[in-house]
Amino acid sequence: MILAILDHHHGAIQSASLEMLTAARGLAETLGIELEAVAIGEGAEACVETAVSYGASTVHLIEHDQLDRYAPEAWARSVAQLSEDSSPEAILGVGTERGNEVMAHLAAVMDAPLAANCMEITPGDETYFVTRVRWGGSLLEEANLSGDPKLLTVAAHVLSAAPADSPPAANTSIFSPELDEKAFRVRVKELVKPETDKVSLTDAKIIIGGGRGVGSSEGFEPLEELAALTGGAIGCSRAVTNHGWRPHADQIGQTGGRVAPDLYIACGISGAIQHMAGCKGSKVILAINTDPDASILGKANYAVIGDLHEVIPAISEALRNS
Amino acid sequence: MDVLVCIKRVPAPGSKIILTDDELMINTKNLGFAISPHEECAVEEAVQIKETHGGETTVLTLGADVSIEQLRGALAMGIDNAVLLETDGQDWEPIPTANAILKSIADQKENGRIFDAYLFGNESADSGGYQVGVRIAHALDIPCVTGIKSIELADGKAIAKREAIGGGWEIYEVDLPAVFTVKEGINLPRYPSLPGRMRAKKKPIETSTPEVVGGGLEKVRLKSPVEQGSDVEILGHGTEAAEKVAELIREMGLFS
Ligand SMILES: Cc1cc2nc3c(=O)[nH]c(=O)nc-3n(C[C@H](O)[C@H](O)[C@H](O)COP(=O)(O)OP(=O)(O)OC[C@H]3O[C@@H](n4cnc5c(N)ncnc54)[C@H](O)[C@@H]3O)c2cc1C
Ligand SMILES: Nc1ncnc2c1ncn2[C@@H]1O[C@H](COP(=O)(O)O)[C@@H](O)[C@H]1O
């Protein structure tokens with residue numbers, strides 16, 4: 001049996017979970033064994049229907065009165081206990097912050113290796129041959145994964161999700177783990193709501209990204225004007241946050257946010273792989289750069305060669321005049 | 001408040017990654033080296049904790065002798081001690097890395113160095129295993145909060161903040177000692193001062209040679225992802241291109 005740990009937000013399954021379920025089903029089919037899923041935390045029941053439609057023959061719901069709030073170690077210990085009886089062949093998690101965290105705890109509890117952020121999984125006799133994502137997606141690693149069970153997470157937003165052609169009949173099973181106080185030593189104590197109502201980078205359809213070429217925090221004013229005109233959001237490169245011109249929340253890239261807008265306008269950004277790791281999901285990339293040889297041009301769909309301080313206000317002007 | 005912070009030397013590629021002929025490493029011929037921005041912030045946080053609460057800070061890395069460059073960088077920022085677990089420069093897997101760091105923690109304890117907080121990066125820049133810090137917390141049987149963007153310490157406890165799914169913050173409270181994995185944005189790392197750099201040059205590096213213990217994730221080769229090469233269309237030069245950009249924005253339905 002392959003066991004898939006779902007990542008969900010109050011019962012809403014994240015798209016990365018669906019991608020993982022699709023990969024897990026593929027693995028189960030290759031091995032000719034069942035796919036089962038496990039959901040933990042508040043709203044877990046709401047995941048059942050979707051998990052079944054993606055091919056899970058049984059969905060385990062973990063019940064415990066302290067598991068209403070996220071507690072990574074308790075999640076992992078619950079899965080470890082669940083798999084004591086059922087001995088899964090492999091346990092797959094989602095390559096999200098939580099998914100990777102829970103799997104790291106599980107790997108530590110089971111004292112087994114863990115391959116994080118896999119995009120290809122080929123089972124062999126003793127080991128699995130996996131391709132995993134490194135450098136935030138800029139490099140891939142092929143590796144042999146040992147362990148019983150095999151532990152891995154599936155990279156988010158790399159594979160596509162597809163429901164099962166002929167889903168099994170829904171079957172849920174309640175599991176009540178025995179967890180001591182220690183398992184809850186790390187547990188969300190309080191949730192603080194987001195402070196602002198500005199367009200978030202993940203929701204924005206258009207993002208105006210500024211890099212070192214913007215030159216100063218005031219230099220972002222024309223970018224903000226264009227963002228306001230188009231209902232977009234401002235992003236930036238690490239060069240910008242390092243200078244303190246913008247808050248880190250605006251940073252796009254390997255150690256910042258991942259964005260996928262319809263249009264990403266990269267102004268004064270050179271196109272380092274660590275920046276592109278965060279914006280290559282954009283449908284269209286437009287670069288504005290003084291340097292016709294900047295590497296971002298090789299990664300963009302459109303480009304304007306010129307000084308962003310002149311070009312950006314001119315774009316706003318052209319939009320206003322239309 | 002005594003703090004250990006673990007960092008990893010990695011190459012800093014620019015616009016593309018070139019591999020060695022055996023496809024096992026990045027070709028670093030024309031590259032500089034760095035540590036993950038997350039780890040740079042962990043170093044800064046350790047120094048700030050010391051400045052607020054007193055105590056001693058130690059930086060540790062497992063890597064080739066050239067990693068001394070990154071240890072000195074941390075010393076220059078204000079870290080007190082540096083530990084090098086010297087390897088031949090091969091890429092170590094997460095389990096042996098964690099085991100070697102644990103052995104060093106035990107050795108340092110023997111010498112009277114006991115830590116209240118262990119800081120890691122949320123993930124290493126090159127390998128992104130998302131696990132070394134968590135494994136160490138389990139082995140030490142202490143709490144671990146990952147991905148933190150703020151931390152406050154008082155009365156043997158820590159309050160740490162991490163970004164919640166869908167925005168906002170998750171607040172955690174844990175007893176010390178504890179492991180924290182840090183994300184960039186928790187602070188803005190300082191630029192080392194000249195006297196700081198001079199002091200760092202003279203500090204001893206506590207060096208030992210660890211053994212590979214454990215494994216199970218064996219690298220076969222590295223490869224570059226297939227990029228859909230895009231042919232860039234130059235819309236024009238300077239302000240004369242503005243009308244075309246505006247047209248593109250309108251065509252995409254992004255301005256009405
Ligand atoms: C482990 C690691 C993680 C990293 N994570 C991130 C990350 O998450 N996000 C990130 O962004 N970076 C990240 N970096 C840093 C990254 O490698 C680059 O250093 C950074 O992205 C460069 O930012 P930039 O393009 O703004 O600056 P530069 O590379 O200096 O480029 C500036 C560009 O602006 C152009 N320009 C200058 N003036 C003008 C003007 N007036 N008009 C138009 N164009 C102009 C120049 O031609 C140049 O192309 C990371 C690095 C490492 C090692
Ligand atoms: N070779 C190493 N030396 C010191 N610390 C390391 C090393 N590898 C990983 N770490 C630490 O563990 C964190 C997580 O690494 P990883 O599990 O590879 O994502 C890193 O951000 C570092 O803080």
Side-chain angles (χ1 to χ4, degrees), chain A residues 9 97 100-101 104-105 107-109 113-117 134-147 185-186 188-194 200 205-206 229-230 238 244 248 255 262-263 271-273 286 295 297 299-306 310-311 314-315 317-319 322, chain B residues 13-17 36-38 94-95 125-131 134-135 138 143-147 164-175 184-185 188 216-225 230 232-239 241-243 245-246 248-250 252 254-255:
Chain A
H9 188 40
E97 293 296 332
N100 278 324
E101 180 181 38
H105 279 283
V109 168
L114 160 66
N117 296 327
R134 282 182 162 231
W135 277 106
S138 312
L139 192 61
L140 307 177
E141 172 190 353
E142 293 177 348
N144 288 316
L145 172 68
S146 316
R185 54 190 164 186
V186 177
V188 175
K189 189 180 177 215
E190 195 189 327
L191 266 176
V192 181
K193 292 243 156 61
S200 82
K205 286 200 155 58
I206 170 166
L229 264 178
T230 53
R238 180 162 183 251
H248 184 269
T255 51
D262 289 349
L263 178 61
I273 53 162
L286 164 70
S295 84
L297 265 61
K299 299 162 182 176
N301 307 86
Y302 299 100
V304 175
I305 311 300
E310 293 163 10
V311 178
I315 297 170
E317 188 63 25
L319 284 172
S322 60
Chain B
S15 58
K16 69 169 192 265
I17 293 182
S36 162
H38 298 319
I95 289 180
D126 61 336
S127 161
Y130 288 84
Q131 53 188 277
V134 178
R135 287 188 189 276
H138 274 264
C144 174
V145 189
T146 66
I165 305 171
W169 301 99
E170 290 176 351
I171 315 288
Y172 294 89
E173 185 183 289
V174 295
D175 291 331
E184 189 184 21
L188 196 56
L217 180 64
E218 182 207 350
K219 177 163 67 179
V220 177
R221 72 178 185 117
L222 299 174
K223 62 180 188 186
S224 294
S230 72
V232 63
E233 182 185 332
I234 308 286
L235 295 179
H237 289 72
T239 49
E243 189 48 56
V245 176
L248 175 72
I249 292 174
R250 280 193 300 263
M252 292 185 73
L254 299 170
F255 180 78

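The sequence lines fix the lettering, A, B, ..., with proteins before strands; numbering per chain opens at 1.
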Item checked: Side-chain donor/acceptor of A:His248 to backbone N/O of B:Glu184, under 3.5 Å -> yes
Note to self: Taking every non-hydrogen pair under 4.5 Å, which of A:Lys193, A:His9, A:Glu310 racks up the most with chain B?
What the structure shows: A:His9
Notebook entry, point to check: What distance separates B:Trp169 CH2 from A:Glu190 CD, expressed to the nearest 0.5 Å?
Noted result: 13.5 Å
Margin query: If you compare all heavy atoms of B:Pro225 against all heavy atoms of A:Gly137, which two are closest, and at what distance to 0.1 Å?
Written below: CG-O, 3.5 Å
Notebook entry, point to check: When only pairs under 4.5 Å are counted, which of A:Ala300, A:Gly306, A:Ser295 shares the most heavy-atom pairs with chain B?
Noted result: A:Ala300
Margin query: Please classify the contact between A:Leu140 and chain B as side chain, backbone, both or neither, with a heavy-atom cut-off of under 4.5 Å.
Written below: both
Next item on the list: Side chain from CB out, backbone as N, CA, C, O: work out which of these in B:Leu235 comes under 4.5 Å of a heavy atom of chain A, or both, or neither.
Entry: both
Item checked: B:Phe255 portion near chain A, given a 4.5 angstrom heavy-atom threshold -> side chain
Check: Which bit of B:Leu254 is near chain A, if near means a heavy-atom gap under 4.5 Å: side chain, backbone, both or neither?
Finding: both
Notebook entry, point to check: Top residue by heavy-atom pair count (under 4.5 Å) with chain B, among A:Lys205, A:Arg238, A:Lys189?
Noted result: A:Arg238
Checklist line | Considering all heavy atoms, the nearest B:Pro13-A:Trp135 contact | finding: CD-CH2, 3.7 Å
Notebook entry, point to check: Relative to chain A, which of B:Glu170, B:Glu173, B:Lys223, B:Lys16 shows the most heavy atom pairs under 4.5 Å?
Noted result: B:Lys223
Item checked: chain A contacts, top residue of B:Ile17, B:Leu188, B:Asp126, B:Thr239 (heavy-atom pairs, under 4.5 Å) -> B:Asp126
Next item on the list: Grab the two heavy atoms, one from A:Ala318 and one from B:Ala246, that are nearest each other, plus how far apart they are.
Entry: CB-CB, 3.7 Å
Next item on the list: Kindly indicate whether the side chain of B:His237, heavy atoms from C-beta on, has any atom under 4.5 Å from the side chain of A:Val304.
Entry: no
Margin query: Which atoms of A:Asn117 are under 4.5 Å from chain B, going by heavy atoms: the side chain, the backbone, both sets, or neither?
Written below: side chain
Note to self: Given heavy-atom pairs under 4.5 angstrom as the criterion, report whether the side chain, backbone, both or neither of B:Ala125 touches chain A.
What the structure shows: both
Notebook entry, point to check: So which of B:Pro143, B:Cys144, B:Ala241, B:Pro94 has the biggest tally of heavy-atom pairs under 4.5 Å with chain A?
Noted result: B:Pro143
Next item on the list: Answer yes or no: does atom NZ of B:Lys219 have more than 12 heavy-atom neighbours from other residues, nucleotides or ligands under 6.0 Å?
Entry: yes
Notebook entry, point to check: At what distance, to the nearest 0.5 angstrom, does CG of A:Leu229 lie from CD1 of B:Ile249?
Noted result: 9.0 Å
Notebook entry, point to check: Which value, rounded to the nearest 0.5 Å, describes the distance between A:Leu139 atom CG and B:Leu222 atom CG?
Noted result: 5.0 Å
Next item on the list: Answer with side chain, backbone, both or neither: which region of A:Ser200 has an atom nearer than 4.5 Å to a non-hydrogen atom of chain B?
Entry: neither
Note to self: Quick check: do A:Leu114 and B:Leu217 have side-chain heavy atoms less than 4.5 Å from each other?
What the structure shows: no
Note to self: I'd like to check B:Val232 versus A:Tyr302 (side-chain heavy atoms, cut-off strictly below 4.5 Å). Are they in contact?
What the structure shows: no
Checklist line | Max heavy-atom pair count under 4.5 Å with chain B, selected residue of A:Asn144, A:Val109, A:Asn100 | finding: A:Asn144
Item checked: Residue among B:Gly236, B:Ser36, B:Gly128 with most heavy-atom pairs under 4.5 Å to chain A -> B:Gly236
Check: Out of curiosity, B:Glu218 CD to A:Glu141 CD, how far, rounded to the nearest 0.5 Å?
Finding: 10.0 Å
Next item on the list: Flag the pair A:Lys299 / B:Ser15 as yes when at least one side-chain heavy-atom distance between them is below 4.5 Å, and no otherwise.
Entry: yes
Notebook entry, point to check: Among B:Val174, B:Thr146, B:Ile95, B:Val145, who wins on heavy-atom pairs under 4.5 Å with chain A?
Noted result: B:Thr146
Item checked: From A:Leu297 atom CG to B:Ile234 atom CD1, the distance as rounded to the nearest 0.5 Å -> 5.0 Å
Item checked: Selection from A:Val311, A:Val186, A:Leu145 maximising heavy-atom pairs under 4.5 Å formed with chain B -> A:Val186
Next item on the list: Enter the distance from A:Thr230:OG1 to B:Met252:CE here, rounded to the nearest 0.5 Å.
Entry: 11.5 Å
Next item on the list: Specify which of B:Arg250, B:His38, B:Gln131, B:His138 makes the most heavy-atom pairs with chain A at under 4.5 Å.
Entry: B:His138
